[in-house]
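Read the structure below first, then the notes.
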Amino acid sequence: MAGAIEYKTLRQMRAMREAALIVDDIHCALRESVCVGMTTAEADDIAARVLKAAGARSNFLGYYDYPANICTSINEVIVHGIPDERALEAGDIVSFDCGAVKGGWHGDSCFTMVLPSDNPGDAELIAARERLSQVTEQAMWAGIAAMAWGRRVGDIGAAIDDYVTATAPDLDIVLDYTGHGIGTSMHQDPDVLNYRARGRTFGRTPRLKPGMVLCIEPMLTRGKQDNRVLDDDWTVVTNDGSDACHWECQVALHEDGIWVLNRRDGGARELAAFGVTPAPIG
Ligand code: MF3
Ligand code: CO
């Protein structure tokens with residue numbers, strides 16, 4: 001990644017929150033408008049409009065020549081699906097990974113939704129996909145909470161791993177993609193693993209210190225986590241074709257605690273269940 005960890009001041013965190021909340025605005029616009037029959041290219045257009053209105057630009061577009069504003073990952077696609085003319089179908093599970101740069105600071109977060117269906121025959125599949133999304137989201141919140149109580153970056157992945165093992169041992173955690181630091185660039189040190197690193201492989205992870213801003217982004221699968229990249233050099237799919245899911249938040253750690261930058265309440269609503277109260281950055 002990008003070398004040394006970039007520690008931010010409270011003022012810099014507040015500046016980065018602007019970018020993170022623009023990404024939240026994209027998520028809100030997508031939640032309101034995504035429906036069966038819409039193409040993922042249309043979803044990309046919605047993101048482009050929100051970015052433009054906010055005076056921001058996408059940090060994905062052009063990143064290693066990535067050709068779109070957001071990533072849309074459907075069903076067996078784990079991450080980095082490229083928006084195109086494919087129409088969303090009833091029962092699809094789709095993650096919307098979105099980013100923004102504003103004033104030199106980066107935002108990056110992702111949510112997943114399952115599209116409704118009128119067909120009773122889809123009910124079982126939809127329930128399984130909704131459970132996959134709920135467990136992935138809650139695993140993310142467990143990881144975020146660990147950023148508040150943990151001592152090292154590795155405590156985040158351990159909390160994600162423990163949450164999944166305790167609540168849904170049938171689901172797999174994708175090992176090949178990680179969370180990351182974020183700031184004046186999108187991907188910075190440290191890597192944030194989504195699992196408990198055992199043994200000597202990784203050594204000790206960095207200490208969790210005030211000034212860190214991390215993207216915590218678990219990816220889970222309903223089958224095996226083994227995956228490959230398609231010929232477009234981006235789209236990551238499960239080898240067994242099983243469903244995948246991805247959630248991501250961008251979290252600041254400061255002297256008084258943590259604040260989820262892409263949430264207007266700092267994550268208070270969801271963190272309550274984990275006994276964590278976010279601390280405002282002013
Ligand atoms: N949110 C993605 C990540 O952290 C960033 C995707 S960059 C793109 O991995 F170029 F693939 F879009
Ligand atoms: Co990310």
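Owing to the predicted nature of the structure, the values given are computational and were not obtained by experimental measurement. No hydrogens, no waters, no symmetry mates; every other heavy atom, side chains included, goes into these values. In listed order, ligands and their atoms are each counted from 1.
- Using a 4.5 Å cut-off between side-chain heavy atoms of Ile, Leu, Val, Met, Phe, Trp and Tyr, with links allowed through other members, Met140 and Val79 fall into different hydrophobic clusters.
- If you chain together hydrophobic residues whose side chains sit under 4.5 Å apart, Ile144 and Ile182 never meet in one group.
- For an aromatic pair to be called close, the ring centres must be under 6.0 Å apart, and Trp141 with Phe274 fails this.
- Among residues two or more places apart in sequence or in another chain, the salt bridge (Lys or Arg N to Asp or Glu O under 4.0 Å) test is passed with Glu18 by none.
- Remark: His27 engages Phe111 in a ring pair (Phe, Tyr, Trp, His ring centres under 6.0 Å) (not counting sequence neighbours).
- Closest non-hydrogen pair, Trp149 versus Ala159, comes out as CZ2-CB, 4.3 Å.
- Side-chain heavy atoms closer than 4.5 Å link hydrophobic residues (I, L, V, M, F, W, Y) into clusters, and following such links, even through other members, never connects Tyr195 to Val236.
- In this structure, ligand 1 sits under 4.0 Å from heavy atoms belonging to Phe60, Tyr63, Tyr66, Cys71, His80, Asp97, Asp108, His180, Met186, His187, Glu217, Trp234, Glu248.
- Note that the CZ atom of Arg17 and the CG atom of Leu10 stand 10.0 Å from one another [nearest 0.5 Å].
- Note on the Co ion (ligand 2): protein N/O/S atoms under 2.8 Å are Asp108 OD2, His180 NE2, Glu217 OE2, Glu248 OE2.
- Considering Thr238, Val237, Val229, Asp243 as possible partners of Ile78, the one that fulfils the side chain to side chain contact (heavy atoms under 4.5 Å, CB included) test is Thr238.
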